Amino acid sequence: MDSNEKYMREALKEALKAFDLGEVPIGAVVVCKGEIIGRGHNRREQSKQAIAHAEILAIQQANDHLGNWRLEDCELFVTLEPCPMCSGAIILSRLKKITFGTTDLKAGTCGTLMNLVQDRRFNHYVEVESGVLQEECAMLLKEFFALLRLRNKERKQGI
């Protein structure tokens with residue numbers, strides 16, 4: 001197993017934590033010099049905070065670990081392509097690289113809807129790699145939303 005798969009598996013573990021909490025199952029880890037220094041999984045519903053995305057929480061933990069807002073020697077691994085808010089945080093934290101599992105057709109801003117993290121008009125450019133453990137990352141999301149639709153249908157039917 002290469003290091004990209006190794007760290008994406010760690011991000012998937014975080015996504016499973018979110019799944020178990022009833023949150024959209026997205027997980028992220030920040031890696032610096034081969035060490036995981038930040039972990040996060042979606043916690044928006046639980047925290048009632050719009051910004052409690054996996055990437056934001058992992059970046060915050062990495063900042064705390066290093067005692068610095070700059071993450072120039074660090075990489076982010078996340079199961080789903082980041083949204084505009086998370087892409088902004090990736091740029092502002094100066095992450096060197098982002099690796100994501102599956103694309104986000106509705107909100108992805110690392111190449112799908114647009115590519116914020118590689119827009120040369122910003123003061124920082126981030127390397128991007130996609131498709132690492134793509135099927136596993138996508139299947140977890142599909143399973144979550146299928147269960148959610150089933151629960152909503154049962155609620156409407158009074159089951």
Side-chain angles (χ1 to χ4, degrees), residues 1-21 23-44 46-47 51-145:
M1 175 185 336
D2 72 11
S3 62
N4 281 350
E5 286 185 12
K6 172 186 170 184
Y7 295 125
M8 190 60 73
R9 290 212 181 282
E10 292 297 318
L12 276 164
K13 287 179 188 176
E14 291 297 316
L16 285 170
K17 291 177 186 178
F19 187 100
D20 291 343
L21 293 170
E23 299 273 356
V24 176
I26 301 168
V29 296
V30 175
V31 177
C32 187
K33 299 175 185 168
E35 177 188 358
I36 295 174
I37 62 168
R39 292 178 174 273
H41 55 274
N42 269 6
R43 298 180 58 102
R44 286 191 316 171
Q46 199 170 49
S47 70
I51 64 169
H53 287 203
E55 301 95 321
I56 300 294
L57 299 174
I59 288 169
Q60 288 175 326
Q61 196 175 88
N63 292 143
D64 290 344
H65 179 87
L66 294 177
N68 195 337
W69 63 268
R70 290 180 184 89
L71 301 176
E72 295 167 324
D73 294 325
C74 302
E75 298 180 34
L76 176 72
F77 292 81
V78 61
T79 56
L80 182 67
E81 181 181 6
C83 71
M85 174 184 71
C86 294
S87 288
I90 289 163
I91 294 166
L92 293 172
S93 64
R94 308 290 197 271
L95 279 157
K96 176 172 64 174
K97 182 178 178 182
I98 175 171
T99 301
F100 64 88
T102 193
T103 56
D104 185 345
L105 300 176
K106 294 182 179 180
T109 56
C110 293
T112 298
L113 294 181
M114 62 189 68
N115 194 342
L116 290 178
V117 297
Q118 293 185 324
D119 188 322
R120 295 288 186 179
R121 294 173 291 180
F122 290 114
N123 65 338
H124 183 71
Y125 181 88
V126 182
E127 290 177 56
V128 174
E129 185 171 341
S130 62
V132 175
L133 300 181
Q134 189 275 332
E135 276 188 41
E136 292 175 55
C137 294
M139 285 307 298
L140 185 59
L141 287 160
K142 287 176 186 173
E143 182 181 341
F144 175 81
F145 285 111

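Here the structure is a predicted model, which means the values were calculated and not measured.
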Note, His53 side chain near Ile26 side chain (heavy atom, < 4.5 Å): no
Non-neighbouring partners of Arg44 that pass salt bridge (Lys or Arg N to Asp or Glu O under 4.0 Å), sequence neighbours left out: none
Shortest non-hydrogen contact from Ala58 toward Val30: O-CG2, 3.7 Å
What heavy-atom pair brings Cys110 and Val128 nearest, and what distance separates the two atoms? O-CG1, 4.0 Å
How far apart are the closest heavy atoms of Leu80 and Thr103, and which atoms are they? CD1-O, 3.5 Å
Contact check, side chains of Glu75 and Glu127, non-hydrogen atoms, under 4.5 Å: no
Pairs touching residues 60-106 that satisfy ring pair (Phe, Tyr, Trp, His ring centres under 6.0 Å), sequence neighbours left out: Tyr7-Phe77
In sequence, state the C-alpha distance, the side-chain angles, and the governing distance for Leu66 and Cys74, and then conclude on side chain to side chain contact (heavy atoms under 4.5 Å, CB included). CA-CA 11 Å; Leu66 294 177; Cys74 302; 4.0 Å; yes
Over 12 foreign heavy atoms within 6.0 Å of CD1, Ile51: no
Within a strict 4.5 Å, meaning less than it, do heavy atoms of the Arg94 and Asn123 side chains meet? yes
Distance-minimising heavy-atom pair for Leu141 and Pro25: CD2-O, 3.8 Å
Any non-hydrogen side-chain atom of Thr79 less than 4.5 Å from a side-chain atom of Leu140? no
Look up atom CE in Met8 and atom OG in Ser3, then write down how far apart they are to the nearest 0.5 Å. 11.0 Å
Nearest non-hydrogen partners of Leu133 and Glu5, listed with the distance: CD1-O, 3.8 Å
Sub-4.5 Å side-chain heavy-atom contact between Glu23 and Gln46: yes
The reported gap from OG in Ser93 to NE2 in His124 (rounded to nearest 0.5 angstrom) is 7.0 Å
Min side-chain heavy-atom separation Leu57-His41 under 4.5 Å: no
Contact between Leu95 and Ile59 at the side-chain level, heavy atoms closer than 4.5 Å - yes or no? yes
Give, for atom CD of Glu55 and atom CG of Asn42, the distance between the pair rounded to the nearest 0.5 Å. 7.0 Å
Show me the pairs that pass side-chain hydrogen bond (donor to acceptor under 3.5 Å, both in side chains) and involve residues 27-40, at least two apart or across chains. Glu10-Arg39, Glu14-Arg39
Rounded distance [0.5 Å steps], OH in Tyr125 versus CG in Asp119: 10.0 Å
Say you draw a straight line from CD of Glu81 to CD1 of Ile98; how long is it, rounded to the nearest 0.5 Å? 8.0 Å
How long is the straight-line distance from OG1 of Thr109 back to CE of Met85, given to the nearest 0.5 Å? 10.0 Å
Return the minimal non-hydrogen interatomic distance between Ala138 and Thr102, and the atom names on each side. CB-OG1, 3.8 Å
Answer whether the closest heavy-atom distance between the side chains of Leu116 and Pro84 falls below 4.5 Å. yes
